[in-house]
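All figures in this text were calculated on a predicted structure; none of them were measured in a lab. Per chain, numbering begins at 1; letters A, B, ... match sequence-line order. Computed over heavy atoms, backbone and side chain alike; hydrogens, waters and symmetry mates excluded.
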Amino acid sequence: MSEKLFSQQLLAWFDQHGRKNLPWQQPATPYRVWLSEVMLQQTQVSTVIPYFQRFVVRFPDIRSLAEASTDEVLQYWAGLGYYARGRNLHKAAVIMAQQHNAAIPENFDALLALPGIGRSTAGAIMALAFQHRYPILDGNVKRVLCRFTAEPDWPGQKNIETALWQLAESLLPERRINAYIQAQMDLGATVCTRSKPDCHCCPLQTNCLGRQTGKPEHYPVRKKKPALPERHCRWLIYRQSEKILLEKRPEKGIWGGMWSFPEINIDMPMDAILARHAVDDMIDLTPIRHTFTHFRLQIIPLLIDINQHDQIETNDNQQWVTITDSLSLALPAPVNKLIQKLNRGVT
DNA sequence: AAATCGGGGCA
DNA sequence: TGCCCAGATTT
């Protein structure tokens with residue numbers, strides 16, 4: 001499809017369904033656009049509205065904001081969260097009072113140089129306040145574009161983000177830039193939502209590749225988490241009659257103080273294990289994987305049946321218990337699972 | 001419990 | 001330049 005069609009469809013939808021009566025849209029002065037855009041970073045419209053109203057009554061312009069103390073500004077921010085935004089807002093007001101005649105600079109680079117204003121917010125101010133042709137790429141727009149193109153990669157990836165900025169720029173209309181930017185945000189907020197997008201109401205539905213996949217909510221695709229480092233260990237499951245040998249783990253480290261099977265380094269050779277005692281049988285059981293926050297542990301259990309005459313040296317941290325008794329001890333989940341399996345005779 | 005979000009800050 | 005964080009909400 002042509003870039004022109006995209007903006008035409010979006011603008012036609014905006015005329016019918018867009019939001020035109022938000023507090024910062026009447027009037028959409030540069031100061032009010034700036035304030036609202038900063039408040040809207042990481043905070044949704046319905047939350048922002050009452051804060052915005054109170055804020056502009058107390059600080060109606062850049063000068064009054066710049067002359068206030070940071071503490072008072074933060075009082076009016078209290079409850080919005082992300083207080084660095086409030087501090088940066090005040091800092092920027094002071095800078096604008098000193099360097100820009102207490103006005104919002106009508107210049108992209110000058111905006112970008114102010115604290116709390118990045119590329120997207122600078123673009124929003126240029127478009128919404130000054131009707132200049134700049135794109136934005138906030139969370140809503142990113143989602144709309146990722147769906148529209150069925151972007152297969154995570155949009156946080158540098159090259160994808162670069163491509164999305166380029167796409168956003170290429171789609172800009174020649175006229176009505178402020179309505180168009182507002183339309184993008186509105187579509188993302190009300191139709192092309194993160195979950196359960198309302199594709200049937202979407203002006204872009206016929207050309208949307210995400211919708212054609214049948215799973216628009218799959219876009220944007222999530223960041224693939226880095227593979228967790230994997231560690232290995234071996235558990236020795238000594239079994240004699242109906243009893244098993246458990247060992248209290250050290251207080252520090254994983255599963256501190258809980259009861260587990262004697263654990264040995266995975267590198268210990270089998271003959272070294274064998275040398276410890278005469279055994280009836282040694283059976284490798286199915287490995288167990290257990291995932292922690294920072295690594296994955298693969299446990300190789302070795303079932304060792306001991307006959308009556310074998311002697312296993314135990315220490316103070318170890319005890320022979322029946323399976324029934326073991327279940328009343330503090331057992332890590334994988335130990336519990338393993339005991340249940342033994343109980344059922346599964347290997 | 002995990003993902004999300006725009007900008008700041010740091011190597 | 002590329003990565004991670006803050007800090008709160010949403011799913």
Result block: side-chain N/O donor-acceptor pairs under 3.5 angstrom for residues 70-77 of chain A, not counting sequence neighbours:
residue, atom, partner, partner atom, Å
A:Thr70, OG1, A:His90, ND1, 2.9
A:Glu72, OE1, A:Arg58, NH2, 2.8
A:Glu72, OE2, A:Arg58, NE, 2.6
A:Glu72, OE2, A:Arg58, NH2, 3.1
A:Trp77, NE1, A:Gly81, O, 3.0

Tell me, which pairs form a salt bridge (charged side-chain N to carboxylate O under 4.0 Å, His left out) where one or both residues lie in [range], sequence neighbours left out?
range: residues 178-203 of chain A; answer: A:Arg19-A:Asp186
range: residues 170-184 of chain A; answer: A:Asp15-A:Arg176, A:Arg133-A:Glu174
range: residues 311-332 of chain A; answer: none
range: residues 147-158 of chain A; answer: none

Ring pair (Phe, Tyr, Trp, His ring centres under 6.0 Å): pairs with one or both residues in residues 144-176 of chain A, sequence neighbours excluded: A:Phe6-A:Phe148

Cut-off 3.5 Å, no hydrogens considered: what does the side-chain donor-acceptor table look like for residues 116-132 of chain A, sequence neighbours left out?
residue, atom, partner, partner atom, Å
A:Ser120, OG, A:Leu137, N, 3.1
A:Ser120, OG, A:Asp138, N, 3.4
A:Thr121, OG1, A:Gln41, NE2, 2.9
A:His132, NE2, A:Glu106, OE2, 2.8

Whole Å only: how far is the CD1 atom of A:Ile160 from the P atom of C:dG2? 14 Å

How would you label the contact of A:Lys158 with the nucleic acid (heavy atoms, under 4.0 Å): base, sugar-phosphate, or nothing? sugar-phosphate

Who passes salt bridge (charged side-chain N to carboxylate O under 4.0 Å, His left out) against A:Arg211, sequence neighbours left out? none

Opening and closing nucleotides of DNA chain B in contact with chain A, under 4.0 Å to non-hydrogen atoms: B:dA3 to B:dG8

What does the B/S/- profile of nucleotides 6-11 of chain C look like, 5' to 3', with a 4.0 Å heavy-atom cutoff to protein? -BB-SS

Using a 4.0 Å cut-off on heavy atoms, which residues in residues 115-132 of chain A reach DNA chain C? List them by number, or say none. none

Residues at least two apart in sequence or cross-chain that pass ring-ring contact (aromatic ring centres under 6.0 Å, His included) with A:Tyr82, listed by chain then number, are none

Can you tell me how far apart CD (A:Gln182) and CG (A:Leu187) are? Round to the nearest 0.5 Å. 11.5 Å

